[in-house]
There are 2 protein chains.
Amino acid sequence: MENTTSNQTAQNDLQVLRTSSLTGALERELEHLILTGELKPGERLNEIQLSSRFGTSRGPLREATRSLQAKGLVDAIRNRGVFVRSISPKEALEIYDIRAALFGLAGRLLTDMVTDAMLARLNEFLDEMDEIAQQRDFDRYYPVNLQFHDFLIRSTNSSMLAQEYKSLVNRLHLCRARGLVQAGGLAVSNHEHREMVDALASGNRERAQEAFFRHVERSKQRFTTTLEK
Amino acid sequence: MENTTSNQTAQNDLQVLRTSSLTGALERELEHLILTGELKPGERLNEIQLSSRFGTSRGPLREATRSLQAKGLVDAIRNRGVFVRSISPKEALEIYDIRAALFGLAGRLLTDMVTDAMLARLNEFLDEMDEIAQQRDFDRYYPVNLQFHDFLIRSTNSSMLAQEYKSLVNRLHLCRARGLVQAGGLAVSNHEHREMVDALASGNRERAQEAFFRHVERSKQRFTTTLEK
DNA sequence: TATCTGACAATTGTCAACAACTTTTAGGAT
DNA sequence: ATCCTAAAAGTTGTTGACAATTGTCAGATA
């Protein structure tokens, strides 16, 4: 039994390596370590240590870190090494603005392609989040909230937009000062969600864009206020 | 004489290598080759050929291409090589939208920080472009138009925004179908520019955002029409 | 003629070794 | 004790070699 499972995983690994690459796998692994916080902002990525940990040589690992550098997740200093990037509050605010702009675009695009089925699904989300918000259960609210936003972005059918948006969210995770930012405004947040969905249903592009934009901007403000104390 | 200059460039190269890296230099060089069209969309980047051309080994070159891959300028296929990315019309349209959203954000941000000096500089740009447009001199119009947009983006003081915007513009260059798109609408374009500056001067955030947004959207429409014939 | 097969060439994937640089540490001078 | 210096250790930068894969082409077969 143990034999078959290990054979299976070995086959999976091979399957992965046929289409993807060792570098790509390492990159995903490192990205995971960074985003989960196992590798913390400012921490150095030791090539020897990491490559021996993953059982590869330094070459593919270096390629993976170059990719992460281009994505803005690490900084590289020549002859010193690569370090998990640390996003300053100033940079975080800049990213919030860009995220707001992209989310606003999502709202604008969705207005012209929204269906009854989509509105129904969105209202399901709203109801679910309302229920959770009333119980002040942040641990349950957070993932659904994430799903809600993901659903909206993916519904635009713009893979470029989805990719850019994800990249921004990832970088935002690297801001140390970003604790449980929105722990306070659960009900508030969902009120904004309703405004967004209503704007979509109204068919008014500019209104939807503005509603989506402001939702992220308010989240930015909540971040600012928690920052000041 | 020849000796001193070659010594100087050699010193410059060394100076560059102290702060930057060989990989970084290679990446810039490759990016240049791609954006100028010396390496055309779909073309393969031969590691041996390129590394011998630049006088390095394949290691740093591979790291450079990984970075370009993350930036969306090349595609890599395992065991086949990396290829200059070819942006489809569909993807180009998606990028136009994102660019519009970011440019709209620039307008919104600038509204709150615009100075008399900045407005004066912008009006200089407008007058200059008007003059060139009347002469139908596209070769002169294009770089000034670029400068104008660059000036606006940089004036927001958001390095993140500038970086993202530049990345999008770069990728747009990889669309084969994008010839001299806006060769037609010189005067039209500058009329839109005036609307943008006027909106900035009005102090109305939403109006400025919309004006900036629509400017890129109209440029997208011009792209679409040239695409259809 | 068209298609399949297998050897050969070209190219990419990975690795280990060496060179260059940085940081640490130990020793000595003040 | 403090500061400087130089050797040592640790880490990154780069290279060339080898393995694995893909592409090419001549010859055999139907």
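Taking the six-membered ring where tryptophan is involved, the planes of F125(A) and F151(A) are tilted, since the angle between them lies from 30° to 60°.
For E31(B), there are no salt bridge (Lys or Arg N to Asp or Glu O under 4.0 Å) partners at least two apart in sequence or on another chain. Scanning for salt bridge (Lys or Arg N to Asp or Glu O under 4.0 Å) contacts around E38(A) gives R53(A), with sequence neighbours left out. In this structure, the salt bridge (Lys or Arg N to Asp or Glu O under 4.0 Å) partners of D112(B), at least two apart in sequence or on a different chain, are R205(B). Taking the ring pair (Phe, Tyr, Trp, His ring centres under 6.0 Å) definition, one finds that F103(A) meets it with H149(A), Y165(A), F212(A), sequence neighbours left out.
Less than 4.0 Å separates DNA chain C from at least one heavy atom of each of the following residues of residues 49-61 of chain B: R58(B).
Rounded to whole angstrom, the span from the CD atom of E47(B) across to the P atom of dT15(D) amounts to 14 Å. Taking atom CZ of residue R44(B) and atom P of nucleotide dA10(C), one finds them 12 Å apart after rounding to whole Å. If you measure from atom CD1 of I48(B) to atom C1' of dA9(C), you get 11 Å, rounded to the nearest angstrom. With rounding to whole Å, R66(B) atom CZ is found 12 Å from dT14(C) atom C1'. Put simply, CD on E63(B) is 8 Å from P on dT14(D), counting in whole angstrom units.
With distances taken from any side-chain atom of R62(B) to the nucleotides dT14(D), dT11(C), dT14(C), the minimum falls on dT14(C).
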Would you tabulate the pairs of protein nitrogen or oxygen atoms and nucleotide nitrogen or oxygen atoms of nucleotides 22-25 of chain D closer than 3.5 angstrom?
from    : atom 1 : to     : atom 2 : distance (Å)
dG23(D) : OP1    : R80(B) : NE     : 2.8

Which is it for S88(B) and E91(B) under the side chain to side chain donor-acceptor pair (under 3.5 Å) test, yes or no, and what are the steps along the way?
-> CA-CA 5 Å; S88(B) 69; E91(B) 287 171 311; 3.3 Å; yes
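For the OP1/OP2 pair of dG10(D) and a distance below 4.0 Å, the side-chain nitrogens and oxygens of N46(A) include no atom meeting the criterion.
With salt bridges taken as basic N to acidic carboxylate O contacts below 4.0 Å, none links R121(A) and E128(A). Between E164(B) and R171(A) there is a salt bridge, since a side-chain N of the basic residue sits under 4.0 Å from a carboxylate O of the acidic one.
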